[in-house]
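All heavy atoms count here, side chains included; hydrogens, waters and symmetry mates do not. In this text the structure is predicted, and so the values were computed from the model without any measurement. Reminder, nothing fancy here: chain letters follow the sequence lines and each chain counts from 1.
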Amino acid sequence: MPRVKFPDLPIAEVLPEVRAALAAHPLVVLQAPPGAGKSTVLPLALLDQPWLAGQAIVMLQPRRVAARAVAARLAEGLGEEVGGTVGSRVRFEARVSARTRIEVVTEGILTRRLQRDPELSGVGLVILDEFHERSLNADLALALLREVQGALRDDLRVLVMSATLDPALPGRLDAPLVQSAGRAYPVDVQYLPTDPAGRVEDAVARSVREALAAHPEGDILAFLPGVREIRGAMSALADVQAVVLPLYGDLPLAEQRRAILPDPGGRRRVVLATSIAETSLTLAGVRVVVDGGLSRTQRFDPGTGLTRMVTTRVTRDAADQRAGRAGRTAPGTAYRLWSERTHAALAAARPPEILEADLAPLTLELAGWGAPDPAALAWLDEPPAPRVESARALLRDLDALDGENRITPRGAALLELPTHPRLAHLLHDGVALGLGALAADVAALLEERDPLGSGAGTDLTDRVAALRAWRRGERGRGEAAVLERIGRLSGQWRRLLRLPSDDTPPDPFAVGQLVALAYPERVALGREGGGGRFLLAGGQGARLPEGDPLAASPALAVAHLDAGSGEGRIHLAAPLDPALLEDRATTRDTVRWDARTGTLVAQRERHVGALVLEARPLRDLPHEARVKALADAIREGGPHLLTFSPEAENLRARVESLRHWRPEESEWPDLSDAALLDTLEDWLGPHLEGVRTRDDLRRVNLLPALGALLPWPLPARLDDLAPTHLTVPSGSRVRLGYTLDGSPPILAVKLQELFGLSETPTVNGGRTPVLLHLLSPAGRPVQVTQDLRSFWNSSYFEVRKDLRGRYPKHPWPDDPWSHAPTRHVKKRL
DNA sequence: CTCTCCCT
């Protein structure tokens with residue numbers, strides 16, 4: 001092996017420490033800022049280590065461009081070409097040989113390799129680079145590697161490399177930490193708060209103008225959330241003395257290159273970029289960064305399986321990345337268009353991808369690994385259970401998992417295809433249907449950027465036609481660089497699956513059929529009234545752009561849509577043969593409550609998910625089905641669908657009061673709102689015979705239904721402990737007011753009726769004094785008390801002073817505790 | 001009134 005020469009890089013200083021740590025520990029964390037040389041030099045310096053025992057090093061990179069570039073730099077350090085001692089491997093592209101000792105791979109490659117060879121034979125060290133990004137695949141790789149270390153390979157080493165320090169990481173991994181200095185020029189960070197109500201593109205354009213004036217040389221890089229804002233800022237900067245260039249992912253390759261390289265004429269440049277310029281692309285010659293402070297990200301809703309775009313504040317680590325871009329070649333300046341106070345309130349970092357992403361690929365990988373339950377592995381952050389559950393539902397739909405969420409033979413076949421399980425399913429079944437060549441084209445198109453762009457309608461068939469025209473060598477529609485990438489990918493699928501090529505115009509229904517394989521829950525039927533509005537089998541509504549020709553199609557297979565707010569927006573779809581929906585349909589009897597008309601609807605339906613193709617009314621519906629539908633309606637629409645009479649409400653309150661007062665007596669049934677809603681079927685069900693409409697439901701007498709929950713001898717005991725009425729000294733039977741929360745029952749009575757009574761009456765077997773609401777002769781409350789004796793002794797006399805004049809016909813004796821009680825005025829006495 | 005970025 002050639003001798004390695006180490007340039008004067010910061011990483012050289014910590015090299016002995018890294019070597020020692022790896023000799024002693026199977027897992028080591030290395031923190032080194034950009035420019036330290038950790039990716040491009042360090043692996044070479046570990047090749048001769050005794051613990052490696054001549055085995056290979058595998059280094060993970062999160063992006064393909066990075067994997068290729070890092071491999072090139074490492075090979076250069078040895079004076080070799082890639083494919084010798086240093087190789088690289090990304091999907092469909094291996095540059096390795098028998099001599100290769102360092103393999104730089106993208107993250108998914110390692111997962112594939114582990115699935116085929118869990119012992120990772122011939123590999124002594126795995127390096128996870130850019131681990132601070134916490135990509136889903138890096139988290140998965142780490143979890144799998146730790147399991148391999150524990151169960152199969154105690155000699156395997158793992159080196160986790162991170163540009164930023166998560167101080168908790170070494171502890172959580174039980175791994176030693178080595179820290180290195182970085183190499184970067186100082187960046188002067190300045191905060192320039194702007195009006196948060198204003199448009200970010202205007203604020204950025206203003207700052208760019210000021211920066212051009214304040215800094216006589218160097219290029220300016222500005223960060224904006226998306227294409228729309230970039231266009232806005234470009235038109236606001238049309239007159240500046242500099243070349244203004246956009247930079248975003250969907251930009252044609254040639255234009256991306258123009259934004260990355262220095263101006264050939266040596267003019268100053270202003271590059272307006274999305275977050276793509278944070279890490280993925282590096283620009284030469286930037287001295288000033290203007291950060292608008294926003295970024296646009298996708299939010300996945302596991303409930304619907306749909307995503308939508310949201311614009312949010314940058315995180316602090318992203319803002320640091322952006323600022324750092326000003327100090328690559330010389331000292332620089334970064335302007336942040338927010339205040340230092342706002343900065344302190346920003347989130348430190350984006351949540352790890354595993355907490356937010358679609359987990360279908362990960363869930364299938366784990367099932368293939370023999371871990372149907374992800375919780376069995378040691379994660380830094382465990383994949384959230386609800387997302388795992390929705391991923392499982394999709395994978396079962398694709399027949400990739402069985403009822404116990406174990407991988408099926410078919411799931412194992414899908415895992416062999418290096419793509420998302422949805423597209424693997426499309427390819428797998430497309431081949432079986434004899435549509436292999438088309439499946440390869442459709443799968444490639446669905447995975448890559450749209451070659452036509454959003455102005456070109458949403459029909460995927462047009463994209464297939466454009467791709468095939470391009471392959472025939474015609475100059476047709478579509479961006480050549482994107483078509484070339486798609487064409488290459490489609491060719492790779494054809495080679496892998498040994499499929500013929502097909503350049504004839506595509507059959508639109510065949511395209512739709514293939515899309516429906518990948519997105520079974522997104523087959524859609526046009527809604528009544530048309531207008532491009534569709535209902536998806538998954539139950540959501542979605543709409544085509546205004547005037548889209550696909551609106552004429554009665555059924556669609558939708559590939560890409562975003563959840564929008566309320567109604568989704570369809571970006572890419574194909575017409576679907578209604579006969580295919582018919583084939584897929586199953587029959588079900590449904591009984592449901594129509595909240596609009598307030599009636600039970602019972603019908604036999606032919607349906608695909610939420611799409612009802614045909615419905616016939618159903619005559620004799622089974623009692624249980626009716627009860628269930630009514631119970632659901634009450635739970636959904638609220639208890640006001642029922643009528644609790646005062647007697648029924650009082651019964652509930654008495655029982656609930658006893659449950660509060662006598663928690664040790666478990667025989668009292670739970671009559672709280674929540675419990676009654678939970679058990680509607682049991683207690684209300686038997687009383688729903690013949691109930692069909694809202695009025696029927698309102699007329700149901702709930703008192704006997706609730707009474708049935710009190711078996712003998714509880715009714716008698718209830719009357720004893722929580723009587724409905726008490727007889728007061730005057731002889732009146734006065735109703736007691738109980739409450740569900742068990743406060744003392746209220747006894748509202750004119751105070752003259754209590755003359756002669758010295759103690760407060762009680763319920764609950766003498767344990768609970770009632771709450772007396774003492775009333776004036778006119779029935780107005782004059783005192784609330786639970787202590788009648790002290791009322792007679794003191795407050796009574798003040799009350800008497802106030803009221804005697806107003807009610808002269810009523811008795812106001814000096815000795816209320818011994819006076820005769822009365823309901824009447826004095827004369828009647 | 002338009003969709004950030006990335007991977008097998």
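- Take A:Arg68 and apply the salt bridge (charged side-chain N to carboxylate O under 4.0 Å, His left out) test, not counting sequence neighbours, and it matches A:Glu93.
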Would you give me the side-chain donor-acceptor pairs under 3.5 Å for residues 56-64 of chain A, sequence neighbours excluded?
residue, atom, partner, partner atom, Å
A:Gln61, NE2, A:Asp129, OD2, 2.7
A:Arg63, NH1, A:Glu133, OE1, 3.2
A:Arg63, NH2, A:Glu133, OE2, 2.7

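- Side-chain contact check for A:His428 versus A:Leu497: every heavy-atom pair is 4.5 Å or farther apart.
- In this structure, A:Leu544 and A:Leu556 have side chains that are in contact, with non-hydrogen atoms separated by less than 4.5 Å.
- Taking the six-membered ring for Trp and thresholds of 30 and 60 degrees, A:His560 and A:Tyr519 have ring planes more than 60 degrees apart, a perpendicular arrangement.
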In 5'-to-3' order, the base (B), backbone-only (S) or no-contact (-) status of each nucleotide in nucleotides 1-8 of chain B, using a 4.0 angstrom heavy-atom cut-off, is -BBBSSSB
